Structures are given as structure tokens and as C-alpha cells.
Amino acid sequence: MNTMHLRWPLLLALVAMMAVVATSTSLLAQEEPPAEEAAAVVEETAEVAAGEEDAAAEPTMGLNTDMASLSVALDTIWVMVAGFLVMFMQAGFALVEAGLTRAKNAVNICMKNLLDFSYGSIAFWAIGFGLMFSGGSPYFGTSGFFLEEKTIEVPGDEDGTTSEVSNFDSLSWTSVPLEAKFFFQLVFAATAATIVSGAMAERTKFASYMVYSLFITALIYPISGHWIWGGGWLASMGFWDFAGSTVVHSVGGWLALIGSFVLGARAGKYDSSGRAKAIPGHNIVLVTLGVLILWLGWFGFNPGSTMSADAGAIAHITCTTNLAAAAGALASVFVSRAMFGKWEATMALNGALAGLVSITAPCAWVSLPSALIIGAIGGALVVFSVVFIDRTLKIDDPVGAISVHGVCGAWGTLAVGLFAMENLDADAGPTTGLLLGGDASQFINQAIGVGAVFLWCMVTGAVCFYGIKAIMGLRVTPEEEQQGLDFGEHGNEAYHGFQFTS
């Protein structure tokens, strides 16, 4: 047994020694290769060295190409993620509007927010994007429908030469692909339409709503947007709106104003003497959640409007946006406490939105302290505006959309001309505001733009809403309004099994 145990280790050691000898012999045989092989090796080495020398002489072409592609990729990823955040704001609007209205109309609110984005996606693709961003006129685009990109000739210097540019040249300042540009602008268009739905809630025919939603995203919003973001006459004059206080929010707010006026107040909103009566919303928890979703979505709305992965600009705009929202909420809650003797929740929530809307136009061009002031003024302004519209103008706006988006959108646009800072020059925008030593020209330009968009929305909105009212009717029957639009228009209930009598 002992001999057998020793035999196997000795045998394995012998095999290992033979393997080492064989390997060494093979290596020694290769130490002196034939002359032909040696020459080939020398020639190959020389070619490699020459290639490395050429690469060293011209190292930048491939690197620059790769860096340019990486830059475009990063810009595109940022723009798309920002667009996703703005699209998610539709959920925030749905919760705010549903919570501030009565439970018997919650399904109707949700359906309208769903259809806003659905109609907007198709109408803006087919017509709106071309009207807004293609060239052809200072007042509206004339090509690019169905997202068709083509080259057009534009006059050159005085020698009569021409050059070829894209028909979407107004968006050439951003490097992202055309479809990324389209999607990011689409979610803005859908936002403008959604603003209107809240102000006209609880008494509008659903079929009529679908018509005006289509009309807004296809025509009204894109044409005024062309004036400002599409290289139109307001842009040429020197009007600036970085992320849409006027382009998006005031358009939605002013259309909400004329729509609510044409539609009339909800049954029971005003007594026989014309005195306003409160019609409380059914769920402030939903409103709070909706406002927080919108606050988050605004970090796509404002910083995303850089449409490039510009780290410094994104960081600054994020901070101005956040400070304005916080200041708006605080200003509203303290003003409402002074006016009503209560820390009024709905005013505080709308105050945060008011601060966000107010900072949307100037967010890239103002300092952080200025953002705080702009948001606080917006938050205070929204309280006074809601009371004025409700009690003096006697226009029934269940969610305060006119005040939040129309009035505070106008304020934020004017704030560009007051607070713009010279050392914050995103996209070569305004340099110095009136309150900081600049001249009055920028403020005047901003005021002209606010007035022009207001008139445009009043006229086109009146044509739209009065036309619908005459042709198909704008308002549901009194019986359906009393019962609730959820059952009458949709055959559903948001809270099945509960009975609501108000």
C-alpha cells in the first residue's frame, strides 16, 4: 500500500518535467527565425510605427466627431427626459382640477386631460408645429405640416446671393433631432389646452370641449407662438419669453377667461343679488398631490427649455424656478390669512403654481434673489386676482386658472423687463432689467407682447367659443349639470357606491 502511494506522485512529477523540457525546446527553436520571417516582422513594425506617427499628426478628426456625437446624444437625452416630465404634468393638472371641483364631475375632468394630450399630439403634428416653427411669414409658418422638413432658399447679402436653410430654421439653435424638438414643443401645446379645461369645468359639453381643444392646439396656440418662438414679428421686435409665461400660460389663461365668460357660471354660483357663493372642491388631498407633481414637472418645463445639456444654465434655472414656487406659496398663504383670517389651503396651493408661472419667462435671466421677489409677487397677486374675478367680474373659474396662468403669466413676462441681469445671458436674451439700471425699451417690448397675445386670444377665443355655442351648443342641460357630468356624459362614476347631492 505504501509503494502504491509513492508511485502516482513520482509519475506525475516525471510527466511535468517532460512538459517543461518540451516547451523550452520549442522556445529555443523560435529564438532564431528564418530571415524571411524576420524581415516581415521588421516591415510590419515599421508600418505600425508609421501609422502611429500619422495618427499623432492628425489626432482630432475622429475625436471631434465622437465628441460632437456625444454632445448631441446628451442634449437629446436631456430634452426628451424634460419632455417626459412636462407630459407628466397632465396628471398634475388632472388631480388639481378634479380635487377643486365636485366628485360628481371627476371622471369628466380626467377624460378631458386625457383627450387634451391625445388631440394635441395629432393636431400639433399635422398642423400646429408647422404653423409655429416653420418660416414663410412674420405671422405664421407656411410649411412643415406633418413634420415635413425641407430646405428653402433665403436671401443672402446685398450681392443677391441666396443660401439654403431648413424650413424649421427657427429651431436651428438646438442640436437635437427634429423629432425631439417636436415632442418637447408638443407637450407645451397640450399644457396650454389643459389650462382652459379647468376654468370651464362642471358645465361644458364633452363633444364641444373636444372641438375647442383641437382648435387651440392646431391654430390659436401655434400662431401666437410663432410670433415669439418661431422667429415672428414679436421676436424681431425684441420680445423675450424663455419658457412660456406668455407663450403657453397666458394663452391658456386668456382663452380660459373668454371661454368661461361665453359659457357662463355654474348653477348656484351666484345668488339672486349677484353675490358669489363658494362651491368647495371635493378633495384637497388630490389638489396637493397635483400641485407637487406640477412643481416637479416644472423642472422639465423651465430647465428643459435650454434644449441642450448646458450644466450651468440647467442648474441656475432649476434654482430660480424652485425659489419662485416656494415664495409664491408662502406669499399666498400669508396674504390669504390677512384677508380671510385663515391659512387658506387652496390659495397656498395656487400660490405655488402662481410662483412657477411667474418665473417661467424670466427664469434664465434673473438672479436668485430676483426670482424670490418675482415668485412672491405672483403668489400675492393670485389671491387678489381670484377674488376680483370671482366677486367683481363675476366670472366663474372653479380652479383659478385665469388668475394663475393668465394674470401671473403676464406678470412674469413683464418681470423680464424689470429684473433681467447682465451677467446671465442664456441664449443671448435680455441683458439688464429696468429696476437694475437698464433702459425702458425691454419692458415696453414685453408689455407690447403681453397686450398682443391677450388681444389675439380674446378675438380668436370668442370666434371659437361663440361658434361652437351657435353650431352645437357649449353647455350641458341644467338636469345633467345637477346630476353630474360623470354619469350624463360618460356613464361612469369616480367613486362608485357613494351618493353625492351637491
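Please read all numbers here as calculations on a predicted model, not as lab measurements.
Applying the side chain to side chain donor-acceptor pair (under 3.5 Å) test to every pair with at least one member in residues 222-233, sequence neighbours left out, gives no pairs at all. Applying the side chain to side chain donor-acceptor pair (under 3.5 Å) test to residues at least two apart or on different chains, the pairs with a partner in residues 75-94 are Asp75-Ser175, Trp78-Thr306, Gln90-Thr194. Applying the side chain to side chain donor-acceptor pair (under 3.5 Å) definition to pairs two or more places apart or across chains, those involving residues 408-421 are Thr246-Thr413. Contacts classified as salt bridge (charged side-chain N to carboxylate O under 4.0 Å, His left out) and involving residues 218-237 (residues at least two apart or in different chains) are not found. Residue pairs meeting the side chain to side chain donor-acceptor pair (under 3.5 Å) criterion with at least one member in residues 122-134, sequence neighbours excluded, do not occur.
Qualifying ring-ring contact (aromatic ring centres under 6.0 Å, His included) partners for His249, counting only residues two or more places apart in sequence or in other chains: Trp298, Phe301, His405. With sequence neighbours excluded, the residues forming a ring-ring contact (aromatic ring centres under 6.0 Å, His included) with Phe454 are Trp254, listed by chain and number. For Phe206, the ring-ring contact (aromatic ring centres under 6.0 Å, His included) partners at least two apart in sequence or on another chain are His490. Annotation: salt bridge (Lys or Arg N to Asp or Glu O under 4.0 Å) contacts of Asp396 (sequence neighbours excluded): Arg266. The side chain to side chain donor-acceptor pair (under 3.5 Å) check on Asn113 picks up Glu97, with sequence neighbours excluded. Partners of Leu286 by side-chain contact (heavy atoms from CB on, under 4.5 Å), not counting sequence neighbours, listed by chain and number: Leu95, His282, Asn283, Tyr495. Looking at residues two or more places apart in sequence or on another chain, you find a salt bridge (Lys or Arg N to Asp or Glu O under 4.0 Å) between Asp390 and Lys269.
Under the 3.5 Å distance criterion, the side-chain polar atoms of Gln446 are matched with a main-chain donor or acceptor of Trp240. Here the side chain of Ser336 pairs no donor or acceptor atom with the backbone of Trp343 at under 3.5 angstrom. No donor-acceptor pair under 3.5 Å is formed between the side chain of Ser245 and the backbone N or O of Asp241.
Under the ring-ring contact (aromatic ring centres under 6.0 Å, His included) test applied with Phe168, the options Phe182, Phe129, Trp173, Phe145 reduce to a single match, Phe129.
Counting only heavy atoms from C-beta outward, the side chains of Gln185 and Phe124 approach each other to under 4.5 Å. Side-chain contact between Tyr221 and Met132 is present, with at least one heavy-atom pair separated by less than 4.5 Å. In this structure, Phe384 and Met339 have side chains that are in contact, with non-hydrogen atoms separated by less than 4.5 Å. The shortest side-chain heavy-atom distance between Met347 and Asn350 does not fall under the 4.5 Å cut-off.
The nearest pair of heavy atoms linking Thr460 to Phe215 is O-CE2, 4.3 Å.
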